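In what follows, a structure is listed as structure tokens, so that the remarks can point back to it.
None of these values were measured; they are calculated from a predicted model.
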Amino acid sequence: MADQTSRGLSRRSVLTGGVAAVVGGGAAGALAGYAGRGVLDDDKTVDWKTVADSRVVGSATEPFHGDRQSGVTTAPQSHAAFVAFDIVPGATRTEVQGVLRAWSQDAARLTQGHGGLADLEPELAEDPARLTVTIGLGPGFFDAVGMPDRKPDWLEQLPAFPQIDQLEDRWSEGDLLLQICADDPLIVSHAARILASGVRGVAQQKWSQRGFRKAVGTDPSGRTQRNLFGQIDGTVNPTEDEVDFDQILYSDGADQRWMRGGSALVLRRIRMTMDTWEEIDRTSRELSVGRTLDTGAPLTGTAEHDPADFEAVDEVGLPVIPPESHIARARQRDRGEAMLRRPYNYDDPPEAGEISNTGLLFTAYMADPVRTYIPVQQRLAEQDALNTWTIPIGSAVFAIPPGAPEGGYVGQQLFEG
Ligand code: HEM
């Protein structure tokens with residue numbers, strides 16, 4: 001066995017051994033993909049050195065400076081940390097500005113593969129793997145800096161949804177947010193550490209939530225991700241080809257001039273009860289969403305992106321897509337309800353007596369959550385077949401200010417004008 005480990009897994013051992021029994025065609029398919037690219041030939045070991053040396057994933061970068069913050073329309077990276085802070089009572093406006101300035105300076109460096117300014121281990125920042133750092137301001141931020149009149153009208157915590165909510169303080173609210181995403185979890189951890197440790201005394205960490213999607217390189221690019229229920233999740237999401245992101249995702253500055261080019265983030269931590277989900281049969285699971293599990297096609301179609309026909313009925317006159325299914329309830333009633341969903345899965349250590357602690361860090365971006373998010377969430381709270389297996393346990397809303405100009409910092413526009 002030790003011998004085999006030192007030589008790596010041969011293709012034959014993968015295909016005939018226990019791994020194949022568990023994952024079946026998946027393992028064969030993934031490895032066959034490498035074979036096509038010359039990394040793996042029949043009967044040879046996977047040449048991990050060649051894969052690693054290419055550093056394609058590690059060396060990729062995303063910009064920090066610009067009109068918009070990165071991390072909203074950026075193609076979702078594999079790993080994410082959402083870290084919220086409360087401003088320490090008595091902190092001055094200048095000190096809080098200092099936090100935003102320090103975060104921006106460090107984020108500008110880290111995203112380009114350089115250590116933070118006070119980084120003891122700058123080597124950890126190498127190979128940033130598309131790191132993005134997105135900074136958000138919660139409703140309490142504006143009182144804390146003595147600028148309540150600069151708070152966007154829509155920036156409030158969501159109203160309670162008593163039919164579904166079981167919110168816990170340890171996953172909810174916050175005055176400041178760091179959203180840190182990268183294709184490498186080490187990069188995420190390092191960035192979170194550097195950014196959080198420099199602001200003690202002014203901002204106190206309130207919660208931290210980690211999420212993941214498929215690892216890069218394991219899926220053909222462009223494929224919609226699956227959540228831990230196995231559903232293809234993210235099909236009906238606006239694309240820049242279809243809609244003007246300036247109109248649905250970004251503020252025009254009419255409410256608050258400094259927010260022009262900024263956005264809003266709604267983050268809901270939604271627990272998914274795997275045990276009871278797995279008790280129902282596949283047909284019932286598909287009916288609860290209104291889409292098939294294999295292709296993600298609507299129950300009235302055959303391919304993922306076929307338009308759903310909510311009027312279609314079966315031979316006995318029942319709607320093919322049940323009116324209480326998730327997509328029938330969530331679908332846009334008008335253009336104002338368009339939001340960009342960018343969810344991450346979580347799978348944390350189980351609580352006492354449980355065997356899993358699994359769910360979705362549901363994130364959605366839009367220009368105005370009162371216009372866009374609340375009506376959709378209200379409909380889902382009133383009726384959504386998925387509610388049987390999903391429980392919102394955390395909730396937070398943040399303003400995502402416009403991007404920082406070169407040499408400037410996120411939030412600068414707020415203090416300037
Ligand atoms: C754990 C909780 C949730 C799960 C597992 C889930 C899963 C899904 C799945 C599988 C789809 C169909 C594929 C797609 O278009 O992405 C979908 C669609 C959608 N979901 Fe969710 N979702 C959850 C929570 C939410 C929440 C909280 C909202 C917003 C309040 C939401 C809004 C939407 C919207 C707008 C669509 C597109 C509907 C359409 O036009 O077809 N979802 N979701």
> CG/Leu124 to CD1/Ile187 distance, rounded to the nearest 0.5 angstrom?
Replying inline: 7.5 Å
> Between Ala60 and Pro128, what is the shortest heavy-atom contact and its length?
Replying inline: O-CG, 4.0 Å
> Within the distance-only criterion (no hydrogens, no angle test), does the side chain of Ser325 pair as donor or acceptor with the backbone N or O of Ile321 below 3.5 angstrom?
Replying inline: no
> What is the distance from atom CD1 of Ile270 to atom CH2 of Trp171, rounded to the nearest 0.5 Å?
Replying inline: 14.5 Å
>> Nearest 0.5 angstrom please: Glu278 CD to Phe229 CZ, how far?
In response: 8.5 Å
>> Could you go through Glu337 and Asp334, starting from their C-alpha distance and side-chain angles, then the distance that decides it, and tell me whether this counts as side chain to side chain contact (heavy atoms under 4.5 Å, CB included)?
In response: CA-CA 6 Å; Glu337 288 187 357; Asp334 61 57; 4.2 Å; yes
> Less than 4.0 Å between a side-chain N and a carboxylate O, is that true for Arg379 and Asp384?
Replying inline: no
> Roughly how far apart are Thr74 OG1 and Arg68 CZ, rounded to 0.5 Å?
Replying inline: 12.5 Å
>> Measuring only between side-chain heavy atoms, which start at C-beta, is Gln112 closer than 4.5 Å to Leu131?
In response: no
>> As a quick check of understanding, evaluate side chain to side chain contact (heavy atoms under 4.5 Å, CB included) for Val410 and Phe64, giving each step before the final call.
In response: CA-CA 10 Å; Val410 170; Phe64 177 73; 3.9 Å; yes
> Any side-chain heavy-atom pair from Leu267 and Phe82 closer than 4.5 angstrom?
Replying inline: yes
> Do other residues, nucleotides or ligands put more than 12 heavy atoms under 6.0 Å from the CD atom of Glu311?
Replying inline: no
>> Using 30° and 60° as the class boundaries, would you call the ring planes of Phe362 and Tyr373 parallel, tilted or perpendicular?
In response: tilted
>> Under the criterion ring pair (Phe, Tyr, Trp, His ring centres under 6.0 Å), I'd like the reasoning laid out for Trp103 against Phe85: C-alpha separation, chi angles, the key distance, then a yes or no.
In response: CA-CA 13 Å; Trp103 278 353; Phe85 300 79; 5.1 Å; yes
> Is any side-chain N of the basic residue among Glu156 and Lys151 closer than 4.0 Å to the acidic one's carboxylate O?
Replying inline: yes
> Got Ile327 and Val236 here, is their nearest side-chain heavy-atom distance under 4.5 Å?
Replying inline: no
> Roughly how far, to the nearest 0.5 Å, is CD1 of Ile248 from OH of Tyr365?
Replying inline: 14.0 Å
> Can you check side chain to side chain donor-acceptor pair (under 3.5 Å) on Arg210 and Ser189, steps first, answer last?
Replying inline: CA-CA 10 Å; Arg210 303 272 167 136; Ser189 283; 3.3 Å; yes
> For residues Ser395 and Gln157, is any side-chain donor paired with an opposing acceptor at under 3.5 Å?
Replying inline: no
>> Just so I know, are the side chains of Asp348 and Asn357 near enough to count as touching, which here means a heavy-atom distance under 4.5 Å?
In response: yes
> Between Asp219 and Arg213, is a salt bridge (Lys or Arg N to Asp or Glu O under 4.0 Å) present by the stated rule, with each step listed?
Replying inline: CA-CA 11 Å; Asp219 238 0; Arg213 304 164 71 107; over 6 Å; no
> Should the heavy atoms of other residues, nucleotides or ligands under 6.0 Å from CZ of Arg260 be counted, would the total exceed 12?
Replying inline: no
>> A quick test of your reading: do over 12 heavy atoms of other residues, nucleotides or ligands sit less than 6.0 Å from CZ of Arg371?
In response: yes
> For Ser263 and Met366, which heavy atoms make the closest approach, and how far apart are they?
Replying inline: OG-O, 3.2 Å
> Once you round to the nearest 0.5 Å, how far does CG of Leu386 lie from CD of Glu324?
Replying inline: 11.0 Å
> Mind checking whether Val96 and Arg101 have side chains closer than 4.5 Å, heavy atoms only?
Replying inline: no
>> Working note: Gln377 + Ile164, criterion side chain to side chain contact (heavy atoms under 4.5 Å, CB included); need CA distance, chi angles, decisive distance, verdict.
In response: CA-CA 10 Å; Gln377 182 64 85; Ile164 54 170; 3.6 Å; yes
>> So, using side chain to side chain donor-acceptor pair (under 3.5 Å) as the criterion, who are the partners of Asn227 when residues are at least two apart?
In response: Gln231, Asp233
>> So does Arg331 get a backbone contact from the side chain of Arg333, meaning a donor-acceptor N/O pair under 3.5 Å?
In response: yes
> Between Asp184 and Arg130, is a salt bridge (Lys or Arg N to Asp or Glu O under 4.0 Å) present by the stated rule, with each step listed?
Replying inline: CA-CA 9 Å; Asp184 174 8; Arg130 297 201 302 128; over 6 Å; no
> Counting only heavy atoms not in Arg335, do more than 12 sit closer than 6.0 Å to its CZ atom?
Replying inline: no
>> For Ser104 versus Leu100, what's the shortest heavy-atom pair and its separation?
In response: OG-O, 2.8 Å
> Which heavy atom of Phe142 sits nearest a heavy atom of Pro152, and at what distance?
Replying inline: CZ-CD, 4.0 Å
Could you tabulate the donor-acceptor pairs under 3.5 Å formed by side-chain atoms of residues 288-299, not counting sequence neighbours?
unit_1	atom_1	unit_2	atom_2	d
Ser288	OG	Arg285	O	2.7
Arg291	NH1	Gly296	O	2.7
Arg291	NH1	Glu304	O	3.2
Thr292	OG1	Asp294	OD1	3.1
Thr292	OG1	Thr295	OG1	3.0
Thr292	OG1	Gly296	N	3.4
Thr292	OG1	Ala297	N	3.3
Thr295	OG1	Ala297	N	3.1

>> Whether the side chain of Arg341 engages the backbone of Ala364 through a donor-acceptor N/O pair (distance < 3.5 Å, no angle test) should be reported.
In response: no
> Hey, does Arg342 have a side-chain heavy atom less than 4.5 Å from the side chain of Cys181?
Replying inline: yes
> How about Pro401 and Gln412: do any of their side-chain heavy atoms sit closer than 4.5 Å?
Replying inline: no
>> Counting only heavy atoms not in Asp67 (residues, nucleotides, ligands), do more than 12 fall under 6.0 Å from its CG?
In response: no
>> Do Leu117 and Asp106 make a side-chain contact, defined as non-hydrogen atoms from C-beta onward lying under 4.5 Å apart?
In response: yes
> Under the criterion side-chain hydrogen bond (donor to acceptor under 3.5 Å, both in side chains), which of Gln69, Glu62, Gln77 is the partner of Thr132?
Replying inline: Gln77
> Any Lys/Arg nitrogen of Glu354 or Arg271 sitting under 4.0 Å from an Asp/Glu carboxylate oxygen of the other?
Replying inline: yes
> In terms of the angle between their ring planes, are Phe415 and Phe141 parallel, tilted or perpendicular, with boundaries placed at 30° and 60°?
Replying inline: perpendicular
> More than 12 heavy atoms of other residues, nucleotides or ligands under 6.0 Å from CG of Leu318: is that the case?
Replying inline: yes
> Of His114, His190, Arg109, which meets side-chain hydrogen bond (donor to acceptor under 3.5 Å, both in side chains) against Asp119?
Replying inline: His190
>> Val83 vs Gln205, test: side chain to side chain contact (heavy atoms under 4.5 Å, CB included). Steps then yes/no.
In response: CA-CA 7 Å; Val83 191; Gln205 195 163 314; 3.5 Å; yes
> Side chains of Ser284 and Asp281: donor-acceptor distance under 3.5 Å anywhere?
Replying inline: yes
>> salt bridge (Lys or Arg N to Asp or Glu O under 4.0 Å) for Glu351 and Arg170? Distances and angles first, verdict last.
In response: CA-CA 14 Å; Glu351 314 257 319; Arg170 61 178 171 149; 3.6 Å; yes
